[in-house]
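Report on the structure given below.
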Amino acid sequence: MTSHNMTWISYPSKSLSFISPEEIEAFIASQNIISRLMHCYIAFFVPTGLIAGLCILIIFIKNYLQYRVIENLDLLLLHFTISNIVMIFLSFTVITRPDYLEATHLTCNILSFFFNFSYFNSQYVLILMLLILLLKRFPPRTALRATQRPILCVGFVLIYAFSLSLTEALLVGTDNYLLETACQLDPLFAWPEYEIIKFTFGFGITSFLQILCFTILFAKAAPAEAPALQQHFRTYPAAYIISISIFICRLFYNIMILFRTTFKLQKSIGTPKNELVMNIAEIVLFCESCASLVFILCFHKPCKDEILKVIQNCRRENTANNHLEIPATTTTHESGSQ
């Protein structure tokens, strides 16, 4: 297939022949924008996301060791957290922007595989979380009993995500493995089918399932013994907030992926502006991974309770230290006056 010969493709910033001073100024401005966004992401989002992820892992492990049991939702959130931490570490490939990481096709393909594995993992684990919350509100009689065994569901998600990631790795292409190239986690030199598969299975199907879950949640009448819908949202806010943030951020990213596919099919490399927006979409995707971990830490009840407990303990220690310092100061003054 002629569309599979991707040797012609390159980034507009690397193959641009400037004609006018205005084009040069526009190019410099786009490079400055992406550089500032990258520095902002590395300086603020990455540390916040990693600290939040580490706190979540510590809290879940501590609770499991203490009670020797883990809730279904907690297990899925733990899986989701690990996937997002991996994505944050992989996002360090943007540290060279506005330039790109130089790597061989093989190295880039390996990075892309792990990125897609984490991407699909987090997306489908989120669907499992929404399904479990839906079944908490509408308890099943016979169907969907498998969701009561989350380890089985997580195993299925891992196998499914691995299969999709392996398919994507094959669609990156099998030629020029040792050739150096400018590397993104979704490689520019991948075949057009790569982006189509990623959009279909990594966003289209999952978004449909998300919308279906929310539609059932709002439209279907709950059993008489079920709590009010607002109370249900207040009990499990983290999963719903994450679901909305993921949908918005990944919608933007997947739209840009499809735009890039149309350029490939038209044998066009696009413009520096297209490249800028694609880079912004990629950084927004990574920011969402960091934000999701913060949402879990702040809104998931076991994590929130543990954080509040730590804050209260710190306040008590500070108060106790202040009380100890005051008598010591008074005793010193009294001995001095004598």
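Just so it is clear, the model here is predicted, and its values are computed rather than measured.
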### Query
Would Tyr11 and Gln184 count as having a side-chain donor-acceptor pair, cut-off 3.5 Å?
yes
### Query
So how far is it from Leu78 CG to Leu57 CG, rounded to the nearest 0.5 Å?
6.0 Å
### Message
As an exercise, state the distance from CD1 of Ile42 to CE of Met38, rounded to the nearest 0.5 Å.
### Response
6.5 Å
### Query
Taking atom OH of Tyr160 as the centre, does the number of heavy atoms from other residues, nucleotides or ligands within less than 6.0 Å exceed 12?
yes
### Qualifying residues under side-chain hydrogen bond (donor to acceptor under 3.5 Å, both in side chains), relative to Ser207, sequence neighbours excluded
none
### Task
Could you check if a side-chain atom of Ser165 sits within less than 4.5 angstrom of a side-chain atom of Tyr119, using non-hydrogen atoms only?
no
### Query
What about Phe201 and Phe120, are their ring centers closer than 6.0 Å?
no
#### Entry: Check: Ser243 and Phe214 side chains under 4.5 Å, non-hydrogen atoms
yes
### Query
Rounded to the nearest 0.5 Å, what separation is found between the CD1 atom of Ile70 and the CD1 atom of Ile151?
8.5 Å
### Task
Please answer whether the main-chain N or O of Lys309 pairs with a side-chain N or O of Asn313 as donor and acceptor at a distance below 3.5 Å.
yes
### Task
Determine, using the 4.5 Å side-chain heavy-atom cutoff (strictly less than), whether Val310 and Phe299 are members of one ILVMFWY cluster.
no
### Task
Measure from the side-chain N and O atoms of Ser83 to the backbone N and O of His79, and report whether any donor-acceptor pair falls under 3.5 Å.
yes
### Task
Please answer: with hydrophobic residues joined when any side-chain heavy atoms are less than 4.5 Å apart, are Ile307 and Ile58 in the same cluster?
no
### Query
Are Leu158 and Phe117 side-chain neighbours, meaning at least one heavy-atom pair lies under 4.5 Å?
yes
### Query
Considering all heavy atoms of both residues, which atom of Ser245 and which atom of Ile242 are nearest to each other, and what is their separation?
OG-O, 3.0 Å
#### Entry: Nearest non-hydrogen partners of Ser122 and Met87, listed with the distance
OG-SD, 4.3 Å
### Message
Show the nearest heavy-atom pair for residues Ile34 and Pro98, with the distance to one decimal.
### Response
CG2-CB, 3.4 Å
### Query
Is there a side-chain contact between Glu275 and Ile269 (heavy atoms, below 4.5 Å)?
no
### Query
Looking only at heavy atoms, what is the nearest atom pair of Pro302 and Asn63, with distance?
CB-ND2, 4.1 Å
### Task
Could you tell me how the ring of Phe113 sits relative to the ring of Phe162: parallel (under 30°), tilted (30 to 60°) or perpendicular (over 60°)?
perpendicular
### Task
Considering non-hydrogen atoms only, spot the tightest contact between Met256 and Ala281 and give its length.
CG-CB, 3.7 Å
### Task
Check whether any side-chain N or O of Thr200 sits under 3.5 Å from a backbone N or O of Ile197 as a donor-acceptor pair, and report yes or no.
no
### Query
Does the Cys303 SG fall under 2.5 Å from that of Cys55?
no
### Query
At what distance, to the nearest 0.5 angstrom, does CD1 of Ile205 lie from CD of Gln123?
11.0 Å
### Query
If Ile, Leu, Val, Met, Phe, Trp and Tyr residues are connected whenever their side-chain heavy atoms lie under 4.5 Å apart, and connections chain through other members, are Ile211 and Leu251 in the same group?
no
### Query
Quick check: does any side chain N or O of Asn274 sit under 3.5 Å from a backbone N or O of Thr271, one acting as donor and the other as acceptor?
yes
### Query
Should Phe295 and His300 count as side-chain neighbours, where that means a heavy-atom distance under 4.5 Å?
no
#### Entry: Donor on one side chain, acceptor on other, Thr235 and Arg137, under 3.5 Å
no
### Task
Mind checking the CG-OG1 spacing from Asn254 to Thr261? Nearest 0.5 Å is all I need.
10.0 Å
### Message
Please tell me whether Ile82 and Ile85 are part of a single hydrophobic cluster in this structure, the criterion being side-chain heavy atoms less than 4.5 Å apart.
### Response
yes
### Query
Would you call the rings of Tyr41 and Phe45 parallel, tilted or perpendicular if under 30° counts as parallel and over 60° as perpendicular?
parallel
### Task
Measure from the side-chain N and O atoms of Ser268 to the backbone N and O of Gly270, and report whether any donor-acceptor pair falls under 3.5 Å.
yes
### Task
Output yes when a side-chain donor or acceptor of Ser91 lies under 3.5 Å from a complementary backbone atom of Ile88, and no otherwise.
yes
### Query
Taking the inter-plane angle between the rings of Phe247 and Phe203 on a 0 to 90° scale, is it parallel (under 30°), tilted (30 to 60°) or perpendicular (over 60°)?
parallel
### Task
Would you mind telling me which of Val94, Leu111, Ile95 makes a side-chain contact (heavy atoms from CB on, under 4.5 Å) with Leu101?
Leu111
### Task
Answer with yes or no whether the side chains of Glu180 and Thr104 bring together a donor and an acceptor at under 3.5 Å.
no
### Sole residue of Leu76, Leu75, Leu133, Leu73 in side-chain contact (heavy atoms from CB on, under 4.5 Å) with Leu128
Leu76
### Message
Just checking Tyr240 against Phe233, ring centres under 6.0 Å apart?
### Response
yes
### Contact check, side chains of Ser112 and Leu185, non-hydrogen atoms, under 4.5 Å
no
### Task
Report yes or no: is the cationic atom of Lys301 (NZ for Lys, CZ for Arg) closer than 6.0 Å to the six-membered ring centre of Tyr236, at no more than 45° off its axis?
no
### Query
Are Glu288 and Arg250 close enough for a salt bridge, meaning some N to O gap below 4.0 Å?
yes
### Query
Looking only at heavy atoms, what is the nearest atom pair of Trp8 and Lys264, with distance?
CZ2-O, 3.7 Å
### Query
How about Glu71: does its CD atom have over 12 heavy atoms from other parts shown lying under 6.0 Å from it?
no
## Note on the structure
When Asn109, Asp186, Ile110 are each screened for side-chain contact (heavy atoms from CB on, under 4.5 Å) with Val172, the one that passes is Asn109
### Task
Look up atom OG in Ser292 and atom CD1 in Ile246, then write down how far apart they are to the nearest 0.5 Å.
4.5 Å
### Query
Out of curiosity, does Phe286 fall in the hydrophobic cluster containing Leu54 (side-chain heavy atoms, cut-off under 4.5 Å, transitive links)?
no
### Message
Can you confirm whether Leu134 sits close enough to Leu130 that some side-chain heavy atom of one is under 4.5 Å from a side-chain heavy atom of the other?
### Response
no
### Task
For the residue pair Cys249 and Leu285, establish whether any side-chain heavy-atom pair is separated by less than 4.5 Å.
no
